[in-house]
Each structure stands twice: as structure tokens, then as C-alpha cells.
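Here the structure is laid out as C-alpha cells; the discussion comes afterwards.
Below, chain A is the first sequence line, B the second, and so on; all start at residue 1.
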Amino acid sequence: MNRAKGYIPRNYKRQPLGSIPYTTAFNLPAISKSEWPDLIDYKKEKKARLIDVINAAELPVLDQDGFPFCWAYGYVTNLRVARAKAGIPYRHLNPHAIACIRTGYRKRGGNTFDLPKLMAEFGCPTYDVWPKYSMDRSLAKSDAVKRDAIQYRHTEHYELDPNDFEQKAVSLLNDIAVTAGYSHMSHMMCDIELIYKKSGGGYTFGTKHLNSWGAGYKDNGVGQFYGRKAVSFDQLAIKVGTVNPI
Amino acid sequence: MTDKRPLWVLVIACALFFAFGGKGGAIFTPPPIDGEGLHVLVVYESSDALPKGQRAILNSNSWKEGAQWRILDKDSHFNDETSIWKKALDRPSEHLPRVIVSNKGGFEGPLPADIPAMDALVGEYR
């Protein structure tokens, strides 16, 4: 398992909230924290969590294989989850490709907020036309790649406030995954579930995430954080149900 | 010979009313979604909060077994304008969230309240 990362936190002075194209402010109704445990338990009891959708769809765990492209892998993992939730057939969308295009083929870090414009106007090619870890510079100009990628464009995203755990919790309770940037590990991953544990007569909340370090990471690619470690700085959600349904 | 069709129509209409009327939807022949086999479309507004029972339906796998299905926001964009799912999504309806079940006939109406009710509805068309 290669623990490559590559997360560069967004500079909100240069890119304030509302300035990223193809994103809108998170606007789902708040849910009282006192209701969270019951809602979490209900989903678990009914086998109606995002992880149940992911397992039923047999989504493969991604592996960024040493490239500092976690920000693209976290985005595409999120998009794969959204497509699975909508019942859209699986396609091998290639996060490596959009990272190469966004960085000009440089092996450097980035942020998932670098991607909404590219994803809305170019899309994301599949492994069929862009081999898994290819750095071939001719690919982005290829007509075959452009035709393929545009089928998987995505235009609607939620921009959550930085470090706002309650917004992320509401998104997850509404089954909308969140691509999250964790400063404590300089890494972006896709958060898929709100969790809790009892502590001192109260509750400590946390999140489960899908990582992009292959199936060898934690529980088949799924890990978890509680408390302050579960607070993420950058947070982007893909509006479930508005995925191009191809 | 007396033409008894009106009586048959009444009997069938009554049976259908008792079978489906309580769900607040309508039944269809021919099926409301093009294509062979069981098709199910759930339409909702993804930025609305749903009651937890309906929310659970979206992620439940039980009613999806053996069906072709989609769960789509009412404003979904389609790359393929000829998609059967686009045609189904574009059907006029007063209900949201709503469900269309289609297989040799079909049902269109409000999304049931919870997973058991959804399983029962889809089961009627298996």
C-alpha cells in the first residue's frame, strides 16, 4: 500500500466561498444533533446506508499508486458513489486522467475544488480510452478521449463551509457523500457515513471514509475518524441525483 | 345476448381501486416505462429533506433485486435524449417524491412511506 497524499488546502482569501464555478452553497435543512443517533441507527438497522449501496454495486476501491492525486481520487470516488446510488451502470472513471489534465501532467498536489469546472466542461474519461496511470500527453487532445469524457461530465456540486462538521453531518445523513480534506494527514478522501460512539454519558460523532490507497487500507478501503480528527477543512459534495444519468 | 362488459369493467375497476387506490397513485396498461421486464423509477428532489422511512428506500437493496432501476432528482440532466428513463422522468405527475413501477402494466404515484411498503408495491409487479 502506497500512502501517497497530495492535498493542498484551498486558500479562501484567493478563492472565497461562492467563487468556484459549478458549485452552490450547501442549503439542506439543518438536523438537530439530538436526532443524529436515531437516524444513524435507523439506516444501519434497515441496511440503508451508502456503504450498503457501495457493496451492492461492488464498487472497486481506488488506488492512486504513489501519485499525489488524492484530491482527484476523492472526487471520482464521490462521483462513483453518486452514480451507484442513482442506479447508473458502473464505468471505470479515471481520476488519474483529470489530475493529469488539471496539473499539466505534473506530479503535484491539488484540491478537489480545482475540479468542478473541468468536470463540468470536459468531463472524466474512462480507463477504456485513458489507461489507468498513463502520463501520455497526447491523450487530453485525443478526440476519442474528449468524446468519452463528455459523457461523464458533472455540473452540480455543493460547497460546504470549511471545518463545518454539522454541514457535513447533514449531507451524510441525506446520503450525499462529501469529498473531505483532512489537514492532519494532508489528504483528501470521500466521506460516506456519519457514525457515533457513546462517551461519558453523551455521544462522540465521527465519519467513515473511502480512501484511495487500495483495498489493503483498513477495512477494504474504508476507515473512520472520531471527534476533532473527523473535522475536515475543505468539503465538497456532489449533488446526488443530478449525475448525468447515462 | 346481453353485453356484460360494463359489469366486468366495474368489477375490474373496483378490484384495482382496492388494490392500489390506497396508495394514492394510478395504474397503467400498457406499462409506463418502455422495455421488457421490471423497471422502477424513483423521482425526488435531492435538496429536500425526506422522512427517514422514505430516505431509507433510496439505499435499500431489497426492492431492487431483479429490477432495472433508477433513483433520479427531478431535474436530472440526460446525455441521451432518447433514454427510457428520461421519458419516464418527463411524465407529468403531481407527486414528489414519486415512484413508477412498470412490468406488464404498472403503477405511478407517491413514494411509499417505508421499505416494507416499497417491497410490497414492487412485488406486485414481479
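- Only the backbone of A:K47 comes within contact range of chain B, with at least one heavy atom under 4.5 Å from a heavy atom of that chain.
- Looking at B:R70, its side chain does come within 3.5 Å of a backbone N or O of A:G87 through a donor-acceptor pair.
- Taking all atoms of both residues into account, the shortest heavy-atom contact from A:N174 to B:A49 is OD1-CA, 4.2 Å.
- Note on residues 28-58 of chain A: pairs passing ring pair (Phe, Tyr, Trp, His ring centres under 6.0 Å), not counting sequence neighbours, are A:W36-A:F205.
- Put simply, CD1 on A:I176 and OG on B:S47 are 8.0 Å apart, with the number rounded to the nearest 0.5 Å.
- Partners of A:R49 according to the side-chain hydrogen bond (donor to acceptor under 3.5 Å, both in side chains) rule, which considers only residues two or more places apart in sequence or in another chain, are A:D52.
- Near-neighbour residues of residues 59-66 of chain B relative to chain A, defined by a heavy atom under 4.5 Å from a heavy atom of that chain, comprise B:N59, B:S60, B:N61.
- Using a 4.5 Å heavy-atom threshold, the side chains of B:H77 and A:E156 count as touching.
- For residues 23-32 of chain A, heavy-atom neighbours of chain B at less than 4.5 Å comprise A:N27, A:L28, A:P29, sorted by residue number.
- One finds no salt bridge joining B:D114 and A:K46 here, because no Lys/Arg side-chain nitrogen approaches an Asp/Glu carboxylate oxygen to under 4.0 Å.
- In terms of heavy atoms, B:N79 sits closest to A:Q151 at ND2-O, 2.7 Å.
- Looking at every heavy atom in both residues, B:W69 comes nearest to A:K85 through CZ3-O, 3.5 Å.
- The number of heavy atoms from other shown groups lying within 6.0 Å of NZ (B:K52) is above 12.
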